[in-house]
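Contents: one structure, followed by commentary.
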2 protein chains.
Amino acid sequence: MDSAPPAPPSSPSPWLPFESRRRARDEKREAVLRAAVQLFLEQGYHRVTLNEVAERLNITKPALYNYFRGKDEILFECWSMGAELVDSVITEINAGGGSGVAKLRKLVHAYAELMATDFGASLVRFDLRDLTERNAGVARAAKRRIDATFRRYITAGIADGSIRPCDPKLAAFAIAGSLNWIGHWYRREGKLSPTAIADEFTVRLTDGLAAEVRLQATKKTPRAPQGRNSGRKTTGKTRTGGGTG
Amino acid sequence: MDSAPPAPPSSPSPWLPFESRRRARDEKREAVLRAAVQLFLEQGYHRVTLNEVAERLNITKPALYNYFRGKDEILFECWSMGAELVDSVITEINAGGGSGVAKLRKLVHAYAELMATDFGASLVRFDLRDLTERNAGVARAAKRRIDATFRRYITAGIADGSIRPCDPKLAAFAIAGSLNWIGHWYRREGKLSPTAIADEFTVRLTDGLAAEVRLQATKKTPRAPQGRNSGRKTTGKTRTGGGTG
DNA sequence: ACGATATGTTACCTATGGGTAATAAAAAGT
DNA sequence: ACTTTTTATTACCCATAGGTAACATATCGT
């Protein structure tokens, strides 16, 4: 409160400290979600207060109630944003063709990239028990649909011969587990880009399942049929995130 | 509060409602941890009150402070129990011999089984941000050791030729992710026994990495390796847990 | 311009639950 | 038996943070 309020450097908030406020409702709603999801991921849902969320948007707590019924609804809407992203990915893959393993690879790749986004990570970092019973039900249903999709692609792959026989349920658990975990260790500031991670995981996770072709890891080795590691001497310390969890 | 207190059916609490209280201190301390970890996993740390923990042990909240400095310390001690289990597993594997892939398989198997225990699951279900900075530091260090072990076995495997060349860091992430996720979906009441899961994951997760032998999945296992669940009729829907997460 | 509506603000309420003080009752020491 | 120490109980404190009421100010339709 010293001199004039020069507006904090990069403020991606539609509410300028005390100025023009004429944006569309939906735009503001989404701005709340973007601020909230970021804080929730940073500090954890229970440690984030609505005052903090509001403050980051240059408004005050009660203003939030113009857009949401309460804290848990904000959480749910964040989660839903992620779920919609996954749903649209699935819809697109379903629309296209390809063998079982091809579809599975597409899903793995897209899902891995999603886990590196805020709304994507919220799918696996938020605790559904923080939602109302009603919303938790919706969320569980969405999760089931996603899980079913993994299994369906695997089952289809086994049927069309592109995937070696295995238990679709456990295979789906193993794959989804790896992918979901990305949401826990990925850090924007790390050296691994989302696409690099997605590329690698697509190979790693479907390699053991594929019936025929063995995909090569994207290690740049121009020729080498047997993925030579691109000279990286694995000098330990690369640390991107928490490692095991 | 009607008739005489016949002591709740199966009370694994050293504190009988109003009777002999002469157990050793450590035994009680651990009883607190067992009750706490169970509640924390069931309902989530923030939704569990110390009153609930105490109530389950037939005591009152302040009594807990004879054994712990506060709620967060209970959480930390639960977490530590899990960490110690992993550490002892690692110690044992390190003591034995075998190729890189052999050690990795041992670790995967044991870790998978651990994820099906309360203290094991607490390793990945608890939020380290709920701990004091000091304890969180200890926990992070432990996690790093575990992660390093995965990478070391993989690196060793590549060196001794038992594992195909790959990026140890990402491979470790992929494997640990799958395993950690077990802690999220495994349910005691489900039909999958911990060993069945461990067996399957050991194959699934190291299959794509192994240089030579391709292990065979445990398919063909007659049916229940273990799971004679008291006559549960297994009607279609198998659902063990949340599926994707 | 001018009400009506949407969107903010300030000031407040209150349930919750971690933590503590004072005290009583066992266990253990002598 | 008695004191001392450990361990439990009852009664309380109080900071936090979600939520609400009452009021203010833009924005908009006409």
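Proteins come first, then strands; the chains are lettered A, B, ... in the order of their sequence lines, and each starts at number 1. Note that the coordinates shown come from a computational prediction; the quantities given were computed from them, not determined experimentally.
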- Query: Just how far, in rounded Å, is P of C:dT7 from CG of A:Leu57?
  - Reply: 15 Å
- Expressed in angstrom and rounded to an integer, what is the separation of B:Lys71 atom NZ from D:dT16 atom P? 16 Å
- Task: Write down the distance between CD (B:Gln43) and C1' (C:dG17), rounded to a whole number of angstrom.
- Result: 14 Å
- Nucleotide nearest A:Pro62 (side chain, heavy atoms from C-beta), chosen from D:dG19, C:dG19, D:dA21: D:dA21
- Task: Give a yes or no on this: more than 12 heavy atoms of other residues, nucleotides or ligands lie within 6.0 Å of atom CD of A:Glu92.
- Result: no
- Closest to the B:Lys28 side chain: D:dG19, C:dG8, D:dA8? D:dA8
- Message: Tell me whether A:Lys71 forms a cation-pi arrangement with A:Tyr45, defined as NZ or CZ under 6.0 Å from the six-membered ring centre and within 45 degrees of its axis.
- Response: yes
- Gap between atoms CG and C1', on B:Asn66 and C:dA25 respectively (whole Å): 13 Å
- Query: Does D:dA8 have OP1 or OP2 sitting under 4.0 Å from an N or O in the side chain of B:Thr60?
  - Reply: no
- Message: Any heavy-atom pair between the side chains of A:Leu114 and A:Phe119 that's under 4.5 Å?
- Response: no
- Message: In whole Å, I'd like the distance from the CD atom of A:Glu27 to the P atom of C:dT7.
- Response: 13 Å
- Message: For a quick test of reading the model: is some side-chain N or O of B:Asn51 closer than 4.0 Å to OP1 or OP2 of C:dG18?
- Response: no
- Message: Closest approach to the side chain of A:Tyr67, judged atom by atom: which nucleotide of D:dT7, C:dT7, C:dT10 is it?
- Response: C:dT7
- Assess A:Arg151 against A:Phe173: is NZ or CZ under 6.0 Å from the centre of the six-membered ring, and within 45 degrees of the ring's axis? yes
- Message: Using a 4.0 Å heavy-atom cut-off, does A:Thr49 contact any base of the nucleic acid, only the sugar-phosphate backbone, or nothing at all?
- Response: sugar-phosphate
- Nearest-angstrom distance from the residue atom CG of B:Asn58 to P of D:dT7: 18 Å
- Task: Rounded to the nearest 0.5 Å, what's the gap from CZ on B:Arg25 to OH on B:Tyr67? Could you check?
- Result: 6.0 Å
- Message: Looking only at the side chain of A:Ala63 (C-beta and beyond, no hydrogens), which of the listed nucleotides C:dG19, C:dA11, C:dG8 gets closest?
- Response: C:dG8
- Task: Quickly work out the B:Arg29 CZ to D:dT6 P distance and round it to whole Å.
- Result: 16 Å
- Query: OP1 or OP2 of C:dG19 less than 4.0 angstrom from a side-chain nitrogen or oxygen of B:Tyr65, does that happen here?
  - Reply: yes
- Message: Determine whether a donor-acceptor pair (one donor, one acceptor, N or O, separation below 3.5 Å) exists between the side chain of A:Lys61 and the base of D:dG19.
- Response: yes
- Query: Does B:Arg25 have a side-chain nitrogen or oxygen under 4.0 Å from the phosphate oxygens OP1 or OP2 of D:dT7?
  - Reply: yes
- Whole-Å distance between C:dA6 C1' and A:Ile59 CD1? 14 Å
- Query: When we call it a touch if two heavy atoms are under 4.0 Å apart, what does A:Val48 touch: a base, just sugar-phosphate, or nothing?
  - Reply: sugar-phosphate
